[in-house]
Amino acid sequence: MPTYTPPLRDMRFVMEELLDVPAELKALPKHAENDLDTIMAILEEGGKFASDVLLPINHSGDVEGCKLDNVTHEVKTPTGFKAAYKQFVDGGWAALSCDPEYGGQGLPLVINQACYEFWNSGNQAWAMYPGLTHGAYECLHAHGTPEQKATYLTKITSGEWTGTMCLTEPHCGTDLGMLRAKAEPNADGSYTITGNKIFISSGEHDMADNIVHLVLARLPDAPVGSKGISLFIVPKFIPNADQSLGARNTIFCTGLEHKMGIHGNATAQIALDGAKGWLVGAPNKGLNAMFVMMNAARIGVGMQSQGLTEVAYQNALAYAKDRIQMRSLAGPKYPDKPADPIIVHPDVRKMLLTAKAYAEGGRVLSLYCALLIDKELNHPDEAVRKECADMVALLTPIVKAFITDNGWIATSHCMQVYGGHGYIAEWGMEQFVRDARINMIYEGTNTIQSLDLLGRKVLGNNGATLKKLGAIMEDFAEECEGIEAMKEFIEPMLKAAELWATLTFEIGSIAQKTPEVVGAAAVDYLRVAGHTVFAFWFAKMAKIALEKQDSGDDFYKAKLQTARFYFAKLLPEIESCAITARAGLKPLMDTELALA
């Protein structure tokens with residue numbers, strides 16, 4: 001069975017040496033007291049929860065799955081899930097980055113996100129229950145009325161109640177403008193909501209006393225399309241004035257999806273049969289409110305694949321060092337054994353290093369975005385808050401799509417390292433692959449993320465935020481002038497940035513007359529963008545590692561080796577992606593006979 005060791009050494013490197021998180025937090029009055037010792041103490045305990053509590057129930061939860069009682073509509077989660085959640089709540093983990101006004105600990109999001117990497121490594125299916133709940137908390141915290149906050153946020157913060165987001169319907173997924181769920185106003189200010197939702201992660205379970213569903217529906221006079229969508233709180237049990245549980249609401253789980261992976265998470269079909277709900281935010285502005293939750297979920301999904309990449313890498317590395325097969329092409333490396341460990345073979349190392357590089361790059365980008373959100377929400381300077389918000393908007397689709405694409409590649413490679421044993425369930429590797437596959441699909445497929453990046457986040461503001469990111473990269477390059485050892489990193493980084501900018505201009509110019517070209521190029525474009533961002537962070541990591549490579553700590557030499565692998569073997573993908581992006585529409589759309 002798999003094992004897991006939280007990557008605390010690399011996490012410390014990112015927090016302290018690369019992002020200088022303690023110094024950044026000192027500029028935020030709300031978080032100024034969070035020093036490195038505090039951060040690492042929390043992360044150490046969060047890592048223990050992942051390895052000691054969550055990992056032992058990951059495989060068994062996958063085998064057992066969730067069970068629906070068709071009479072009561074109740075769902076039983078796998079053995080150990082409910083007990084683990086109680087331990088999670090008792091430990092205060094649910095309240096980690098929530099507002100102290102509602103019982104939260106008020107810690108920065110960057111700490112919360114780091115813990116979620118650990119928890120996703122331990123058990124993604126389980127981690128989705130509190131992960132989605134935190135998204136519901138963020139949505140209500142931003143858009144709820146004072147009465148709604150008083151009723152729901154304390155219970156959500158404590159973990160006593162969990163939350164969901166109910167968007168998808170049987171006939172519509174990402175195209176929410178087509179949704180049919182209806183909300184009729186009542187005299188008491190509530191609404192009667194009727195409709196059907198599918199693919200609702202954590203939609204029904206036995207781990208908490210109440211489930212707070214955030215549901216998109218249409219008012220009777222709503223405009224057609226996405227401009228006519230409103231958001232409603234629809235609790236499983238309607239709270240009384242004192243927050244005790246009242247009547248059972250008529251929102252029920254009618255089925256559980258039979259899925260490729262994440263079997264321990266209840267992906268529910270939900271029926272609202274005249275359920276009682278309350279409007280969140282303004283009428284017909286539901287998408288605006290829900291986007292708080294959706295954007296948090298997109299970064300959270302990136303963290304899911306980040307966690308899987310790390311745990312798969314750790315286990316594949318251990319296996320490659322132990323498993324003996326054949327001899328090195330250069331001759332026996334371990335002549336005292338009947339064969340050499342497979343780690344001596346170049347392609348095995350390539351697969352392992354691919355997973356390692358994607359894990360280290362994804363960790364940096366995810367935590368950088370979390371830190372930007374902390375600054376966006378809490379920095380005293382409005383201009384800084386605006387700049388951070390713009391950068392988060394640009395990077396969010398990259399976090400979601402690039403890291404999850406990489407997670408699929410990495411977990412597949414790690415399974416391949418095991419050979420036939422990787423395909424066998426008892427080793428745990430095939431579960432990582434199956435679990436990773438959903439992350440490329442939900443919260444907006446990776447194609448949708450690519451369209452969002454190119455169409456909205458770049459072309460939508462004429463590349464303004466992209467130019468700011470380019471300037472950051474150029475400033476770093478200037479900082480490295482005269483450092484001969486940095487040329488091997490700076491030159492390909494700048495070349496990648498130039499390619500990204502050139503490709504943007506080319507696609508943007510064609511799109512003015514032929515908008516469909518955005519759809520033809522977007523997925524390849526996002527790979528170019530993701531690799532360029534990773535190249536920047538690997539170059540920054542290499543600079544620190546070069547300065548400390550003679551410190552006696554082999555960590556820095558290992559970091560340099562990983563960076564060199566990234567630049568030599570992974571970054572060049574941008575060249576082929578640029579070629580296919582530039583191939584245009586014709587090979588895709590002039591295909592009536594091929595697709596007849």
Side-chain angles (χ1 to χ4, degrees), residues 73 132-153 155-156 161-173 176-204 210-241 243 245-254 268-297:
H73 303 288
L132 281 163
T133 299
H134 192 75
Y137 160 86
E138 293 285 3
C139 181
L140 291 177
H141 191 266
H143 293 284
T145 65
E147 294 78 11
Q148 290 169 347
K149 292 179 182 181
T151 300
Y152 293 99
L153 285 188
K155 293 290 189 180
I156 292 175
W161 298 353
T162 63
T164 75
M165 50 195 296
C166 297
L167 288 73
T168 305
E169 299 184 2
H171 63 285
C172 74
L176 292 171
M178 296 171 59
L179 71 80
R180 297 171 183 161
K182 297 293 185 184
E184 298 282 347
N186 298 317
D188 64 358
S190 67
Y191 293 79
T192 297
I193 302 174
T194 304
N196 293 283
K197 301 289 182 176
I198 62 169
F199 302 162
I200 308 306
S201 299
S202 312
E204 176 61 39
N210 200 8
I211 303 173
V212 181
H213 300 280
L214 294 182
V215 179
L216 292 179
R218 291 187 180 281
L219 295 169
D221 57 350
V224 297
S226 60
K227 294 181 180 179
I229 299 173
S230 299
L231 178 64
F232 301 87
I233 301 172
V234 185
K236 177 179 176 180
F237 291 96
I238 298 172
N240 296 315
Q243 294 183 304
L245 298 182
R248 176 68 163 89
N249 210 351
T250 51
I251 178 170
F252 298 108
C253 174
T254 56
Q269 301 166 14
I270 298 289
L272 298 102
D273 186 13
K276 200 165 188 176
W278 288 265
L279 183 68
V280 179
N284 305 323
K285 299 294 183 182
L287 276 186
N288 293 348
M290 184 63 89
F291 260 114
V292 172
M293 191 171 185
M294 290 166 69
N295 283 330

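In this structure, CG on Leu216 lies 6.0 Å from CG on Leu287, to the nearest 0.5 angstrom. Taking CG of Leu179 as the reference point, atom CG of Asn196 lies at 12.0 Å (rounded to 0.5 Å). Atoms OH and CD1, on Tyr137 and Ile156 in that order, are 9.5 Å from each other to the nearest 0.5 Å. Interatomic distance, CG of Leu272 versus CZ of Phe252, reported as 10.0 Å (0.5 Å rounding). For the atom pair Glu204 CD and Gln269 CD, the distance stands at 13.0 Å (nearest 0.5 Å). Between Lys182 atom NZ and Ser230 atom OG the span is 11.0 Å, to the nearest 0.5 Å.
A donor-acceptor pair under 3.5 Å is absent between the side-chain atoms of Asn249 and the main chain of Phe237, judged by distance alone. For the pair Arg218 (side chain) and Gly228 (backbone), a donor-acceptor distance under 3.5 Å is present. Judged by distance alone, the side chain of Glu184 and the main-chain N or O of Ile193 form no donor-acceptor pair under 3.5 Å. A donor-acceptor pair under 3.5 Å links the side-chain atoms of His73 to the main chain of Cys253, judged by distance alone. In this structure, the side chain of His171 engages the main chain of Met178 through a donor-acceptor pair within 3.5 Å. Using a distance-only test at 3.5 Å, with no hydrogens or angles considered, a donor-acceptor pair links the side chain of Thr250 to the main chain of Gly274. Glu138 places no side-chain N or O within donor-acceptor distance of the main-chain N or O of Gly135, the cut-off being under 3.5 Å. Formation of a donor-acceptor pair under 3.5 Å by the Thr168 side chain with backbone atoms of Gly173 is not found in this model. Within the 3.5 Å criterion, the main-chain N or O of Ile270 finds no donor-acceptor partner in the side chain of Lys197. In this structure a side-chain-to-backbone donor-acceptor pair under 3.5 Å is present from Gln243 to Ala150.
Two residues are said to be in side-chain contact when any heavy atoms from C-beta on lie closer than 4.5 Å; Ile211 and Trp161 fail this criterion. The closest side-chain heavy-atom distance from Ser190 to Pro185 is not below 4.5 Å. Between Leu176 and Ser226, the closest side-chain pair of non-hydrogen atoms is not below 4.5 Å. Asn240 places none of its side-chain heavy atoms less than 4.5 Å from the side chain of Leu245. Looking only at side-chain heavy atoms (C-beta outward), Thr133 and Ser202 stay at 4.5 Å or farther from each other.
Residues Ala271 and Thr254 approach most closely at CB-CG2, 3.6 Å, considering heavy atoms. Scanning all heavy atoms of the two residues, the minimum distance from Gly203 to Thr164 falls at CA-CG2, 4.0 Å. Residues Tyr152 and Pro235 share a closest heavy-atom pair of OH-CG, 3.6 Å. Ala183 and Ala217 get closest at one heavy-atom pair: CB-CB, 4.2 Å. Of all heavy-atom pairs spanning Ile251 and Lys236, the tightest one is CG2-CA, 4.1 Å.
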Assess whether side-chain contact (heavy atoms from CB on, under 4.5 Å) is satisfied between Leu132 and Met165, documenting all intermediate values.
CA-CA 8 Å; Leu132 281 163; Met165 50 195 296; 4.0 Å; yes
Please evaluate residues Val215 and Leu231 with respect to the criterion side-chain contact (heavy atoms from CB on, under 4.5 Å), reporting the C-alpha separation (whole Å), side-chain torsions for both, the decisive distance (0.1 Å), and the verdict.
CA-CA 6 Å; Val215 179; Leu231 178 64; 5.8 Å; no
Run the side-chain contact (heavy atoms from CB on, under 4.5 Å) check on Phe199 and Leu167 step by step: do they pass?
CA-CA 9 Å; Phe199 302 162; Leu167 288 73; over 6 Å; no
Check against side-chain contact (heavy atoms from CB on, under 4.5 Å), Leu140 and Leu214
CA-CA 9 Å; Leu140 291 177; Leu214 294 182; 4.0 Å; yes
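Thr192 and Asn186 form a side-chain donor-acceptor contact under 3.5 Å, judged by distance and modelled atom types alone.
Residue pairs that meet the side chain to side chain donor-acceptor pair (under 3.5 Å) test with at least one member in residues 276-287, sequence neighbours left out, are Asp188-Lys276.
Residue-environment remark: CZ (Arg248) exceeds the threshold of 12 foreign heavy atoms within 6.0 Å.
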